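Scroll down for the structure; my scribbles are underneath it.
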Amino acid sequence: MTAQTEKAVHRCECDICQVGTDLETVRHHERMNLFLSRLNEPQRRWYVGLLSQKAGSPSDRQLSLITGLDEVTIRRGRRELEAELADVPSDRQRREGGGRPSAEKKTQS
Ligand SMILES: [Zn+2]
């Protein structure tokens with residue numbers, strides 16, 4: 001177990017996982033964190049913000065323990081979703097790809 005900074009998956013710190021008896025929940029939390037580790041930062045908070053809105057879902061406090069995100073961050077994700085992500089244009093996400101121009105003209109057959 002070397003602590004590598006690259007893509008460390010957060011380990012759930014909720015009570016259920018500490019006790020470890022509810023295997024289904026433990027596994028679910030593991031998967032959540034695995035999933036979250038593949039998302040970028042805004043995606044993470046939106047996902048958790050979304051989860052927090054579901055009826056019967058864990059409190060922000062719990063979600064924070066589960067996912068390692070701040071309660072503040074979770075609240076922010078929820079607020080952004082409620083605002084329909086108006087302040088966070090999806091264009092931003094593009095910066096990863098190389099300098100490939102977006103297919104201007106489809107090849108005509
Ligand atoms: Zn857990």
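Counting starts at 1 for both ligands and their atoms, following the listed order. As the structure is a computational prediction, the values presented were derived from the model and not from experiment.
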Set of residues satisfying salt bridge (Lys or Arg N to Asp or Glu O under 4.0 Å) with respect to R44, sequence neighbours excluded: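 Checked R44 against salt bridge (Lys or Arg N to Asp or Glu O under 4.0 Å); zero matches.
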
Within the 4.5 Å heavy-atom criterion, are [X] and [Y] side-chain neighbours or not?
X	Y	value
N33	C12	yes
C17	V26	yes
D60	R75	yes

Partners of Q18 by side chain to side chain donor-acceptor pair (under 3.5 Å), sequence neighbours excluded?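 For Q18, no residue satisfies side chain to side chain donor-acceptor pair (under 3.5 Å) once neighbours in sequence are set aside.
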
Side chain to side chain donor-acceptor pair (under 3.5 Å) with S52: which residues, sequence neighbours excluded?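 With sequence neighbours excluded, S52 shows a side chain to side chain donor-acceptor pair (under 3.5 Å) to R78, given in chain and number order.
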
Anything protein N, O or S sitting under 2.8 Å from the Zn ion (ligand 1): count it and give me the total.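 Under the 2.8 Å cut-off, the count stands at 4.
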
